[in-house]
Amino acid sequence: MAITMTEAAARHVRRSLDGRGKGAGIRLGVRTSGCSGLAYVLEFVDELAGEDQVFESHGVRVIIDPKSLVYLDGTELDFVREGLNEGFKFNNPNVRGECGCGESFNI
């Protein structure tokens, strides 16, 4: 089981953590949402929970709870710029379908 992050994503997260002045890493998870069933959730982590799984890419920790790991195994987190927009892109090999608005997915 593994979660990875591109260098661009790691740079963005590192800058954000440095700006906050604290943080153990970033948590990637899923929640029930949208028309397809699941949505990605990203949040800063200051303290790890005992059951957390920790993956490190380019010096940045990606923290996953065990329930989310089932849906996220093999995912690569990227940070992309498209025109004036920028944001995280989730390259998840487990996704079987996405809603039209791109806000949710199913496995």
Side-chain angles (χ1 to χ4, degrees):
M1 291 191 175
I3 306 296
T4 59
M5 183 182 292
T6 65
E7 193 170 336
R11 257 192 324 270
H12 182 75
V13 171
R14 197 173 310 111
R15 274 195 309 267
S16 297
L17 288 170
D18 290 347
R20 288 181 79 230
K22 64 178 179 177
I26 191 164
R27 179 178 304 281
L28 173 58
V30 295
R31 64 179 165 81
T32 304
S33 177
C35 46
S36 289
L38 298 170
Y40 297 105
V41 177
L42 283 173
E43 61 187 10
F44 293 111
V45 175
D46 293 327
E47 292 185 30
L48 299 173
E51 69 276 0
D52 283 338
Q53 298 288 316
V54 179
F55 301 92
E56 191 166 324
S57 279
H58 304 284
V60 175
R61 286 191 246 171
V62 180
I63 298 138
I64 313 284
D65 67 90
K67 291 178 184 175
S68 294
L69 187 55
V70 174
Y71 303 106
L72 298 172
D73 186 29
T75 297
E76 177 190 60
L77 182 60
D78 194 5
F79 189 79
V80 296
R81 289 191 172 101
E82 296 172 350
L84 297 175
N85 298 318
E86 63 181 19
F88 286 103
K89 180 178 180 186
F90 304 92
N91 299 313
N92 185 343
N94 306 302
V95 170
R96 298 294 172 244
E98 296 177 315
C99 68
C101 64
E103 292 294 317
S104 62
F105 65 97
N106 61 46
I107 302 289

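One-based numbering along the sequence shown.
With F55 as the partner, the side chain to side chain contact (heavy atoms under 4.5 Å, CB included) test is satisfied by one option alone out of T4, I64, L77, T75: I64.
Note: F44 CZ to L17 CG = 5.5 Å, rounded to the nearest 0.5 Å. Here OH of Y71 is found 14.5 Å from CZ of R31. Values are rounded to the nearest 0.5 Å. In this structure, D46 CG and R27 CZ are separated by 10.5 Å, a value rounded to the nearest 0.5 Å. Residue R61 holds its CZ atom at 12.0 Å from CE of M5, rounded to the nearest 0.5 Å. Here the OG atom belonging to S16 is positioned 10.5 Å from the CG atom belonging to L42, to the nearest 0.5 angstrom. Rounded to the nearest 0.5 angstrom, H12 NE2 and E7 CD are separated by 15.0 Å.
Side-chain N or O atoms of N94 include one that pairs as donor or acceptor with a backbone N or O of D73 at under 3.5 Å.
A donor-acceptor contact under 3.5 angstrom links the side chains of Y40 and N92, judged on distance only.
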**OP:** Please report the C-alpha distance between F79 and E86 in whole Å, then the side-chain angles of each, then the deciding distance to 0.1 Å, and finally whether the side chain to side chain contact (heavy atoms under 4.5 Å, CB included) criterion is met.
**Re:** CA-CA 7 Å; F79 189 79; E86 63 181 19; 3.8 Å; yes
Subject >> Evaluation steps, side chain to side chain contact (heavy atoms under 4.5 Å, CB included), between I26 and I63 >> reply: CA-CA 6 Å; I26 191 164; I63 298 138; over 6 Å; no
Original post:
Would E82 and V80 count as a side chain to side chain contact (heavy atoms under 4.5 Å, CB included) if you check the C-alpha gap in whole Å, the side-chain angles of each, and the deciding distance to 0.1 Å?
Top reply: CA-CA 6 Å; E82 296 172 350; V80 296; 4.2 Å; yes
**OP:** Using the side chain to side chain contact (heavy atoms under 4.5 Å, CB included) rule, take I3 and L28 through it: C-alpha gap first, then chi angles, then the decisive distance, then the call.
**Re:** CA-CA 9 Å; I3 306 296; L28 173 58; 4.2 Å; yes
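Following chains of ILVMFWY side-chain contacts shorter than 4.5 Å, one cannot reach V45 starting from V41, and the two form parts of different hydrophobic clusters.
N91 and P93 get closest at one heavy-atom pair: O-CD, 3.6 Å. Here the closest heavy-atom approach between residue S57 and residue A10 is recorded as O-CB, 4.0 Å.
Looking at H58 and R14, their side chains come closer than 4.5 Å, going by heavy atoms from C-beta outward.
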